[in-house]
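One structure is given below, encoded as structure tokens.
Note that the structure is predicted; figures quoted are calculated from it, not measured. Protein chains get the first letters and strands the later ones, always in sequence-line order, with residue 1 at the start of each.
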Amino acid sequence: MRELDTFLREIEKRAFRMAQLATRNEADALDIVQDAMIKLATKYADRPSSEWKPLFLRILENRILDWHRKQKIMKKLFFWRKESHEHDEGASPNLEAEDNRFDPESQLQSEQLGERLLACIEALPMKQQQCFLLRSWEGLSTKETAEVMKINENSVKTHYSRALSKLKQQQAMSENAR
Amino acid sequence: MNNDQQITEKTNAALDESVENISPTVQSSLDQARSVAVEKIEHRQPSVLNIRSLFDLRILSAAVACSFFAFLILPLISIQNTEQNVTDLLSSNSGLSELILLNTFDETELDVIEDIEFAYWLSQELDQDNGLHNG
């Protein structure tokens, strides 16, 4: 039990960040992470600890997917409601967002680049975003990412490649703005 | 370091930094969520043998259902066989068939038959008594 507590303590912040990037909502992200923790604890605590990370990430991805499906249905049912933000899988990220805090200092530029990259990640379509986070940030292999997201490996490579391409565009724009 | 590696490292660094800067409110919520999850394990029944891990609940349910079904069906099958045997015997041996027929009656029916037999015997006795007195 202590081992599980340690594992959850190590992964909870990153899990929250992944959920927050996907939902753009702090409360929903917390709910998703809590659900994932409870499910791991109640269903898979008896599994070897080496399996906890992929299991937890899979549960987390399922919750995120469920959240997105629910949002799509809600959007169709309550179409007259004004959305506070758009989260369409086909939407292109806003790469030309205004930045009034331009500062020639390199450290500040680096911070701005970091913020722009985060904003770019946040604006990615869900599958590209989660593929990138799982492959690059969590360090999962293509095969592991495919298992977590329940898609085939070629799809993982495609989504990852597109996400990377958009991030590189963002970086190039930041460099051109100097 | 190629461009892909560079951009992924910068993005990962930005993500790591954003995680380090999580607000105390969010951290508190995460702590609470973790406690709830761990409590779920504590409230599970302790099992030395961990029987639950040995038996899948679905398999157990299916086994119980099959056993229950067997307990219901087998007696019916045996009754049907008995009835079939009775039918065969009735047609071949009348004396034995009477015995078997009686054995197929339930207790209530047997009581009624006994009452009828007793009443008949009593009437016979009374007739004989009347005959002796009159004779």
>> If you compare all heavy atoms of A:Arg24 against all heavy atoms of A:Ala123, which two are closest, and at what distance to 0.1 Å?
In response: NH2-CA, 3.3 Å
> For A:Leu30, is it the side chain, the backbone, both, or neither that has a heavy atom closer than 4.5 Å to a heavy atom of chain B?
Replying inline: side chain
> Going by atom types only, do B:Gln27 and A:Glu12 share a side-chain donor-acceptor pair under 3.5 Å?
Replying inline: yes
> Between B:Asp4, B:Asn12, B:Thr8, which has the largest tally of heavy atom pairs under 4.5 Å with chain A?
Replying inline: B:Asn12
>> Is it the case that the side chain of B:Ser28 and the backbone of B:Pro24 share a donor-acceptor pair, with hydrogens and angles ignored and the cut-off at 3.5 Å?
In response: no
> If only atom types and distance count, is the side chain of A:His68 paired as donor or acceptor with the main-chain N or O of A:Ala22 below 3.5 Å?
Replying inline: yes
>> Please give me the minimum heavy-atom distance between A:Ala19 and A:Val33, naming the atom from each residue.
In response: CB-CG2, 4.3 Å
> Can you tell me if A:Gln129 uses its side chain to pair, donor with acceptor, with the backbone of A:Ile121 under 3.5 Å?
Replying inline: yes
> For chain B, which residues from residues 51-59 of chain A lie under 4.5 Å away (heavy-atom distances)?
Replying inline: none
>> Between A:Glu144 (side chain only) and A:Ser141 (backbone N and O only), is there a donor and an acceptor less than 3.5 Å apart?
In response: yes
> Do you know which of A:Lys39, A:Gln34, A:Lys13, A:Arg2 has the most heavy-atom pairs with chain B at a distance under 4.5 angstrom?
Replying inline: A:Lys13
>> Counting heavy-atom pairs under 4.5 Å with chain B, which one of A:Asp35, A:Leu40, A:Ile38 comes out on top?
In response: A:Ile38
> Under 3.5 Å, side chain of B:Ser35 to main-chain N/O of B:Asp31, donor-acceptor pair present?
Replying inline: yes
> With a 4.0 Å cut-off, would you call A:Asp66 and A:Lys70 a salt bridge?
Replying inline: no
> Which of the residues B:Ala13, B:Ser18, B:Ser23 is involved in the greatest number of heavy-atom pairs with chain A at under 4.5 angstrom?
Replying inline: B:Ser18
> Which bit of A:Leu8 is near chain B, if near means a heavy-atom gap under 4.5 Å: side chain, backbone, both or neither?
Replying inline: both
> Is chain B contacted by the side chain of A:Phe7, its backbone, both, or neither, given a heavy-atom distance below 4.5 Å?
Replying inline: neither
> Tell me, side chain or backbone of A:Arg17 under 4.5 Å from chain B's heavy atoms, or both, or neither?
Replying inline: side chain
>> Given heavy-atom pairs under 4.5 angstrom as the criterion, report whether the side chain, backbone, both or neither of B:Leu30 touches chain A.
In response: both
> Among pairs that include at least one residue of residues 62-71 of chain B, which meet salt bridge (charged side-chain N to carboxylate O under 4.0 Å, His left out), considering only residues two or more places apart or in two chains?
Replying inline: none
>> Check this for me, if you would: do B:Asp16 and A:Arg14 make a salt bridge, where the nitrogen-to-carboxylate-oxygen distance has to be below 4.0 angstrom?
In response: yes
> Checking A:Arg135 against chain B: side chain, backbone, both or neither under 4.5 Å from a heavy atom?
Replying inline: neither
